[in-house]
Amino acid sequence: MNILFLLEAVSLNERLAEGTTALIAGMGTVFIILILISSIISLFKYIGKSDRPHNRSDIKLKAFIEAGRKVEPVHTQDDLELIAVITTVIASSLNITTDQLQVKSFRRIRSKN
Amino acid sequence: MNILFLLEAVSLNERLAEGTTALIAGMGTVFIILILISSIISLFKYIGKSDRPHNRSDIKLKAFIEAGRKVEPVHTQDDLELIAVITTVIASSLNITTDQLQVKSFRRIRSKN
Amino acid sequence: MNILFLLEAVSLNERLAEGTTALIAGMGTVFIILILISSIISLFKYIGKSDRPHNRSDIKLKAFIEAGRKVEPVHTQDDLELIAVITTVIASSLNITTDQLQVKSFRRIRSKN
Amino acid sequence: MLERLTEALAKFIETSGIYWLFNNLHLDKGLDFNYIFAGSLGNILMILVSLLLMYLAIKKEFEPLLLLPIAFGMFLVNLPISGIMEHASTQLTLDGEMVLLEGGLVENGIKYAMMLAQNGVDYFETAKEVPGGLFYYLYYGNKLGIFPPLIFMGVGVMTDFGPLLANPKSFLLGAAAQFGIFLAFFGALILGFDAKESSSIAIIGGADGPTAIFTAIKLAPHLLAPIAVAAYSYMSLVPIIQPPIMRALTSKEERLIHMEQLRPISQTEKIMFPIIVTLLVVLILPSTTPLIGMLMFGNLIKVSGVTERLAEVASGPLMYMITIFLGLTVGATTQAADFLNLSTLKILMLGLIAFAIGTAAGILLGKLMNKLTGGKINPLIGAAGVSAVPMAARVVHKVGQEEDPTNFLLMHAMGPNVAGVIGSAVAAGVFLSLYM
Amino acid sequence: MLERLTEALAKFIETSGIYWLFNNLHLDKGLDFNYIFAGSLGNILMILVSLLLMYLAIKKEFEPLLLLPIAFGMFLVNLPISGIMEHASTQLTLDGEMVLLEGGLVENGIKYAMMLAQNGVDYFETAKEVPGGLFYYLYYGNKLGIFPPLIFMGVGVMTDFGPLLANPKSFLLGAAAQFGIFLAFFGALILGFDAKESSSIAIIGGADGPTAIFTAIKLAPHLLAPIAVAAYSYMSLVPIIQPPIMRALTSKEERLIHMEQLRPISQTEKIMFPIIVTLLVVLILPSTTPLIGMLMFGNLIKVSGVTERLAEVASGPLMYMITIFLGLTVGATTQAADFLNLSTLKILMLGLIAFAIGTAAGILLGKLMNKLTGGKINPLIGAAGVSAVPMAARVVHKVGQEEDPTNFLLMHAMGPNVAGVIGSAVAAGVFLSLYM
Amino acid sequence: MLERLTEALAKFIETSGIYWLFNNLHLDKGLDFNYIFAGSLGNILMILVSLLLMYLAIKKEFEPLLLLPIAFGMFLVNLPISGIMEHASTQLTLDGEMVLLEGGLVENGIKYAMMLAQNGVDYFETAKEVPGGLFYYLYYGNKLGIFPPLIFMGVGVMTDFGPLLANPKSFLLGAAAQFGIFLAFFGALILGFDAKESSSIAIIGGADGPTAIFTAIKLAPHLLAPIAVAAYSYMSLVPIIQPPIMRALTSKEERLIHMEQLRPISQTEKIMFPIIVTLLVVLILPSTTPLIGMLMFGNLIKVSGVTERLAEVASGPLMYMITIFLGLTVGATTQAADFLNLSTLKILMLGLIAFAIGTAAGILLGKLMNKLTGGKINPLIGAAGVSAVPMAARVVHKVGQEEDPTNFLLMHAMGPNVAGVIGSAVAAGVFLSLYM
Ligand code: NA
Ligand code: NA
Ligand code: NA
C-alpha cells in the first residue's frame with residue numbers, strides 16, 4: 001500500500017537506481033523468507049520421527065454434513081499393486097494384453113474407516 | 001419484520017417477562033407446527049398402500065438437457081447384495097479376503113430405463 | 001440495439017406490416033446465415049480426407065494445472081464392445097443375464113496417452 | 001405478563017401467512033378478476049398451478065431438471081409473505097415518520113441526493129439498508145443475462161455436430177423449422193402483444209429453453225415465467241405434438257425412404273466448426289454473441305480433446321448449479337396477477353402454434369429437397385429441425401421405424417436437430433437486433 | 001543509492017507484520033484488557049485459538065469440513081495487516097489532504113452528494129476506488145443471507161425423512177428438544193445480552209450449523225464467529241455430552257425397550273412430504289422461508305427420482321464450495337477484541353446449557369410418551385430430537401446397545417433426529433419474526 | 001411495405017459486423033499504425049492471433065486449459081460489435097437529446113448528483129440502465145482479485161510439498177530462480193515501462209500463471225492479456241527453453257551426480273508446513289496474503305486428511321469453473337490497439353529473458369551448493385526452481401536420464417520446483433508492497 005518511489009522515474013539514472021533497489025530488496029526478501037522457512041522445516045526431521053499416520057480417537061466424530069455420503073476411491077500406492085493383479089486376471093480371461101485394459105474401480109476398505 | 005418488544009429491556013423484571021413470553025410463544029409455535037405436520041403425515045399411511053415405486057408413462061420423455069449423458073450409478077439396497085456376490089468371486093480368485101476389497105462400479109440396468 | 005419500428009403499432013395494418021417485415025427479414029437472415037455456414041461446411045469433406053484423429057507432438061506438454069490428476073474414463077464406441085465381453089464373462093460366472101448387469105468401470109489405455 | 005402474551009399471540013397471528021390469506025380475499029368488488037387475482041385467491045390458484053407442474057415434472061417427467069425448480073420457485077413465492085423474492089429496500093426516517101423505500105441504500109441515495117439538491121435536508125443519517133430475499137439476489141444471474149449463456153455453454157459441450165457436418169444440407173431443414181417462430185410473432189402482434197413481447201413469445205417455437213429465456217429476459221421480463229413454462233412444457237410434449245403432423249404431411253412411400261450412410265468426420269473438422277460458426281454468425285448478427293459464442297465455446301472445449309476437464313465441469317456441476325438457480329428464480333417471477341390472465345393462455349396457444357408450424361415447415365422443405373435430390377431424403381427428418389435436442393430426432397426415428405423397423409433415421413435426424421439450435425439462436429438474434 | 005536502499009529497507013520493515021506486532025503491544029495502559037486485546041497480544045491469542053481449532057478439526061475430527069475453514073479464516077485475519085477481510089474504500093483528496101473513506105465509491109458518493117448539496121464542492125474529481133480484500137467479497141454470501149440456505153439445500157438432499165414418515169409421533173420429540181433453545185434465550189437475557197443477541201446464541205441449542213449461522217447473520221452479526229464455533233463444536237461433542245444425561249434420566253428397563261418395526265414408505269409419500277411441510281410452515285411462519293424452503297427443495301429434488309443430477313450437485317460441488325467460502329469468512333469475522341472477551345465464554349456456556357436441556361427435554365417427553373403408549377417407546381430416542389443429524393441418532397443407538405446388543409434403535413432415533421432439524425428451523429423463524 | 005422492408009434491410013446491413021469491418025478500415029491517414037490498428041484491421045489481426053493461439057492450445061497442447069479459453073475470449077471480443085465485454089451504461093435524456101453514459105445507473109447517479117448540486121436539474125427521471133455484456137460481469141472476478149487466489153487454492157490442493165520437506169535446502173534453489181524476475185524488472189524499466197508495469201511483466205519469470213495474473217490485475221490491468229499469454233506460453237515451452245541452458249551451464253560429471261534417497265515425511269509435518277509458511281510469510285510480507293494464504297489453505301485441506309471432499313471440490317469443479325471464467329475474460333481484455341503494439345513484443349522478450357535467467361540462476365546456485373556439499377547435489381535440479389510445476393521438474397529428470405538412464409532426479413527436482421511457487425509469490429508480494 002505504501003508508495004516507495006516515484007512511479008515516473010524519468011532519467012535512465014533514476015531507472016537504474018530503481019531497478020537496483022528492487023533487485024536487492026526483492027532478492028533479499030525472497031532469500032530471507034525462504035531461508036527462514038527452510039531453517040524451521042529442517043527442524044521437522046526431529047518431530048517427524050515418532051509420528052504415525054493420523055491416529056484417530058476411538059469415538060468417531062463423523063461430520064453432520066457427511067451423513068449418508070460415500071467416500072470416493074482414492075488410489076494409494078498400495079492399491080496400484082492390487083489393481084495390477086486384477087488387471088492381469090481379467091485380461092488373461094479375455095485374451096488381451098494388460099496395457100489395453102485398466103481396472104479403475106475397486107478400493108480396499110480400510111479396517112478403521 | 002415486526003418489532004414486538006423493546007430491544008433494550010433494562011430491568012431484570014422486563015428481561016424475565018421477555019424470556020417467558022418468548023418461551024411460551026416459541027415452544028407453542030414449535031409444537032403447533034410440528035403437531036400439525038405430524039397429524040397430516042399420519043394420514044399418509046392410507047395413501048401409501050396402493051403406491052408402486054414411480055410408474056412411468058410409456059413414452060419416455062427424456063430431458064433435452066440430458067442428451068448424451070449417462071446416469072451415474074446409485075447403489076440401491078438391492079445392488080448391495082449383488083456387489084457382495086461379485087466381491088466374493090473376485091476376492092476368491094485373488095486369494096484375498098472380502099474386507100480388503102470393494103466392488104463399486106457396476107449397476108443393474110433397470111429394464112424400464 | 002437499434003429501434004427499427006414503432007413499438008406501439010396501433011392499427012391492424014401497422015401490425016400486419018410489422019409482422020411481414022420481421023417474417024421476411026427474420027427468415028431471410030436465418031436462411032442466409034445457415035446456407036452460408038452450410039456452404040463452408042460442405043468444403044470440409046476435402047480437408048477431412050487426410051486427417052488422422054489428433055496427432056500429438058512427441059514432447060508431451062502437459063498442463064501445469066493437471067499435475068497429479070487422473071483422466072476420467074470416457075467410453076468410446078470401441079470400449080463398448082469390450083464392455084460387452086466383460087459383462088458376459090462376469091454375468092456367466094454369476095448366473096445372471098447380461099441385461100441385469102453393466103460394467104462401467106474400466107478403460108483401455110490408449111498407447112499414446 | 002398475560003397482557004404481553006396476548007399481545008404477542010395477536011402479533012404472531014397477524015404476521016402469519018394464513019391470516020394474510022383471509023385478510024386479502026379481494027371479494028369485496030364483485031367479479032373483477034384482475035382485482036381478485038391480485039389477492040389471496042390468486043396466490044392459492046398459483047400454488048395449485050405449481051403443484052400441477054410438480055406433478056407433471058415428477059410423474060410425467062416433463063423436463064424435470066428445469067420444471068421442478070421452476071415449479072418449486074413458483075410455489076415458494078406464492079406462499080404469502082415468504083419474502084424470498086423481496087427486493088432490497090431502505091428504511092429511513094422522513095420528517096419523523098419511518099418509510100420503506102424500494103431498492104438498496106445506494107439506489108435510493110441517488111433519488112434523495114437529487115431531492116437534497118433542492119431542499120438540502122439530510123435524510124440519510126437515519127437510513128438503514130434492509131437486505132433482499134434469497135431469490136432476489138439469485139435472480140441477478142438472470143437479470144444481467146448471465147445464466148442462460150452459461151447453460152448454453154453446457155449444451156454446447158453435450159451437442160455432437162458430427163451428423164450435421166456429414167450432411168451440411170441439414171442446415172436448410174434447421175432453417176425452415178424457424179418459420180414457426182416468425183409466424184407466431186405475426187400471430188402475437190395480432191393478438192395485441194407489442195413487438196418485444198411478441199418476439200419473446202414467438203421464440204418458444206425455437207424449442208430451446210435457454211434461447212427462449214434469454215430473449216424474454218432481454219425483451220419482456222414480465223412474461224418470463226409463462227414463456228419458460230410454455231417452452232419447457234412443449235419441449236417435453238414433442239413426442240405427442242409432432243407425430244400426427246408428421247404422418248399427415250408425408251406419404252407412406254416418403255416415410256419408407258432409407259438414407260445413405262453418413263461419412264465419418266475428422267477431429268479437425270469438428271474443431272473448425274465451432275470457430276467458423278462463431279465467426280460467421282457474430283460477424284453478421286452481433287446480438288447473438290452471448291448465445292452462439294458460449295454454445296460454440298462449450299462445443300470447442302469438448303471436441304478439442306485437450307480440455308476434457310473444463311468440458312466436464314461446464315456440462316456438469318456448473319450447468320446443474322445454474323439450472324437450479326435459474327429454475328427457482330424463473331418460477332419465482334410468477335406473481336399471481338401476472339400469471340393468471342388471458343396473456344398466459346394466449347402465450348400457451350401461440351407457443352403451440354409456433355411448434356406445430358415449425359414442424360410442418362421442416363417437413364415440407366424435406367419433401368421439396370426429396371423431390372430435388374430424386375428421393376434421397378426422408379422428409380420426416382425435417383421435423384427434427386425445431387431442435388428440442390435430442391427428443392425430436394428420436395421421435396423422427398420412431399415414426400420411421402413404425403413403417404419399417406430396419407430404417408435407422410436417428411443419425412440423419414440429428415443433423416437438422418442441432419442445426420435448429422443454431423437456427424433459433426439466429427432468430428433470437430434477429431429479434432434482439434430489431435427490438436432491443 | 002545507498003540512502004535509497006536504506007530507506008527502502010526501513011519502509012520494508014515498517015510495513016511488515018512483525019513490526020506491527022511489536023508496535024501495537026498496548027501494554028502502556030496497565031491491565032486494561034479491552035485495550036490490550038485490541039492490540040497485538042489479542043492477535044497472538046487469536047492465532048493460538050485458531051491453531052487449537054485446527055488441531056481439534058484435524059486430530060480430533062471435530063466437524064472438520066467447517067471447523068478447518070473457520071480456523072484458517074481466523075488464522076489469516078489475525079495475522080497483522082493481512083488485509084484479506086479489509087473493506088473496500090475510497091481514497092480522495094479533501095481540501096488538499098488525502099483521506100481514506102470506508103466503503104466503495106458509490107456508497108461514499110451518497111454521503112458526499114449530500115454534503116455537496118450544501119456546499120457544492122466537487123471532491124469526487126480526485127476519488128479513487130480501493131478494492132476490498134478477498135474475504136470482504138466472499139463474505140457477501142453470508143451478509144446477504146445466501147450461503148446458509150444453499151447449504152441447507154444440500155442438507156435437504158442428504159436427509160432421509162423416511163423414518164419420520166413411518167412414525168409421525170417422532171415430531172413431538174423433535175419439538176420437545178427445542179426447549180433448550182428457549183431456556184438458553186432466557187439465560188442469555190439474564191446474562192445481559194439483548195433480545196437479538198440472545199436469540200442468536202440460543203439457537204446454538206438447535207444443533208444445526210446453517211440455522212445458527214443464518215440467525216446470527218440476521219440478528220447479531222457481531223457474534224457470528226463465537227456462535228458458529230460453539231455450534232459446530234457442540235455438534236462434534238454430542239457423543240460426549242449426551243450419554244451421561246441419557247443414562248441419568250432413564251431407567252435400565254426403559255433403555256431395554258425394543259420398538260416395533262417401521263412400516264415401509266412409498267415414494268409418493270416421500271414426494272408429498274417436503275411440499276406439505278413447506279406449505280404449512282411458510283403459511284404459519286413466513287420468516288423461515290429461506291431455511292425450510294431450501295431444505296425441502298433439496299429433499300424434493302432427491303426423492304422425486306427425476307432430478308438426480310441436480311441433487312448430486314446441490315449436495316456435492318455446490319455445497320462444498322459454499323462450505324469453503326462460508327467457513328473461511330465466518331472465521332475471518334473474528335477480530336481479537338470481539339472474540340476474546342467475557343461474551344464468548346458466556347456464549348459457550350449458554351450453548352452447552354441449551355444442548356443439555358434440549359437433550360433432557362426430549363428424553364422426558366419420551367418417558368411420558370412411553371407411559372401413555374404402554375411401554376412402546378424407548379425414551380432414549382427423545383435425545384435425538386436435538387438434531388445434530390445423524391450423530392445424535394447414532395449415540396442413541398449406541399447407548400441402547402450397551403444395555404442390549406440386539407436392540408436396533410438407529411432407525412427409530414432418526415425420526416426425532418430429522419424432526420429436530422425442522423423444529424429448530426421453526427424456532428429460528430420465531431426469533432426472526434419477533435426481533436428482525 | 002416494400003419501403004419498410006428496404007429500410008429494414010439497410011438497417012440490418014448497417015448493424016452487421018461485416019459492415020463495421022468495411023467502415024472502419026482506418027486507411028485514410030496513411031501508415032499511422034496506432035490509428036490503423038484501432039480500426040478493423042486491428043480486429044482482423046487479433047482474430048488471427050486468437051486462431052493461432054487456439055492452434056497452439058489444441059494441436060501443440062500449450063497449456064490448453066487456460067490458453068483455449070483465453071484465445072476464445074480474444075476471438076469473441078475482437079469480432080466487431082459483439083458487445084460481450086461491453087460495460088454497463090446509462091441512457092438518459094439530457095436537454096432533449098439522448099445520451100449514453102458509461103457505468104451503471106448508480107455510478108452515473110453520483111456524477112450527476114454532484115452536477116445537480118449546482119444546477120438542480122432532475123435528469124434522472126429519464127434514466128434507463130443498460131446492462132453490460134456477459135464478460136463485463138464475469139470479469140469482476142478478476143477485477144476484484146477473486147479468481148486468481150481461488151485458482152491458487154486448487155493449485156495448493158494439487159501440490160505435494162513432501163520432497164521440499166525432505167530436503168529443505170531446496171528452498172535456496174527456489175529462491176535463486178527468482179533472480180530472473182528482478183533482472184527482467186530492471187530490463188523493463190530501461191525499456192521504458194513504469195515501475196508498476198515492469199513489476200507485472202517481470203513476474204512472468206515466476207512461471208506461475210495465477211501469480212502473474214494477480215500481479216497484473218493489481219498493478220497494470222491494461223497489460224493483463226499479453227502478460228497472461230506470455231506467462232502460459234513460456235510455461236508450455238519449458239521443455240524447449242530450459243534444456244540448452246542446462247547443458248551449457250553444467251559439466252557431464254555434474255549431470256551424472258546421483259542424489260541420496262529422500263526421507264519419508266510424516267503427516268504431522270505435512271500439516272504443520274502450510275500453517276507455518278502462512279504464518280511466516282504473512283507476518284513479513286502481508287501483501288501476499290491472498291496468494292500464499294489460499295495456496296496454503298488448499299494444501300491444508302488436502303494433507304489434513306479429514307476434508308477430502310473440500311479438497312476435491314477446490315481442485316476440481318471450483319477450479320475448472322473459475323479457469324473457464326478467468327481464461328475467457330482475460331482473453332476478452334485484448335483490444336487490438338492495446339495488444340498489437342511494440343509493448344507486447346517487449347513483454348514477450350522480457351518474459352523469455354526472465355525465464356532464461358531464472359533457470360540459469362537456479363543452476364548456478366546448484367553448482368555452488370554442489371561444491372559446498374562435496375558433490376552431493378546435482379546442479380540440474382536448480383533449474384526446476386523457476387516452478388512451472390511439474391514440468392520443469394520433469395525436464396530436469398529427462399536431461400539427467402539422457403546422461404544416465406538409472407538416475408532418478410524427479411523427486412529431488414520437485415523440491416526446488418514447489419519452492420519456486422512460494423518464491424515467486426513472495427516476489428509478487430514485494431512488488432505489491434512497493435508499488436500498490
Ligand atoms: Na431451435
Ligand atoms: Na435442531
Ligand atoms: Na515460480
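Here is the naming used below: chain letters follow the sequence lines, and residue numbers restart at 1 for every chain.
Rounding to the nearest 0.5 Å gives a distance of 6.5 Å between CG of A:Leu34 and CD1 of F:Ile422. Within the model, atoms CG of F:Leu164 and CD1 of A:Ile37 stand 8.5 Å from one another, a figure rounded to the nearest 0.5 Å. The CG atom of F:Leu434 sits 9.0 Å away from atom OG1 of A:Thr21, with the distance rounded to the nearest 0.5 Å. Rounding to the nearest 0.5 Å gives a distance of 9.5 Å between CG of A:Leu43 and CE of F:Met272. Annotation: the span from A:Ile33 atom CD1 to F:Leu285 atom CG amounts to 5.0 Å, rounded to 0.5 Å. Remark: F:Ile276 CD1 to A:Ile40 CD1 distance equals 6.0 Å, nearest 0.5 Å.
Proximity to chain A (any heavy atom under 4.5 Å) is restricted, for F:Lys169, to the backbone atoms N, CA, C and O. In this structure, the portion of F:Phe193 lying under 4.5 Å from any heavy atom of chain A is its backbone and not its side chain.
Residues F:Ile190 and A:Leu16 form a side-chain contact, since some pair of their non-hydrogen atoms from C-beta on lies under 4.5 Å apart. F:Phe273 places a side-chain heavy atom less than 4.5 Å from the side chain of A:Ile41.
Atom NZ of F:Lys346 has more than 12 heavy atoms from other residues, nucleotides or ligands within 6.0 Å. More than 12 heavy atoms of other residues, nucleotides or ligands shown are found within 6.0 angstrom of CZ on F:Phe185.
Residues A:Glu18 and F:Tyr435 come closest through the heavy atom pair OE2-OH, 2.9 Å. Here the closest non-hydrogen pair linking F:Pro168 and A:Ser38 is O-OG, 3.0 Å.
No side-chain donor-acceptor contact under 3.5 Å links A:Arg15 to the backbone of F:Leu191.
In summary, of the residues considered (A:Leu23, A:Ile24, A:Thr20), a side-chain contact (heavy atoms from CB on, under 4.5 Å) with F:Phe182 occurs for A:Leu23 alone.
Among residues two or more places apart in sequence or in another chain, the side chain to side chain contact (heavy atoms under 4.5 Å, CB included) test is passed with F:Leu365 by A:Phe31, F:Leu172, F:Leu173, F:Ala176, F:Leu368, F:Met369.
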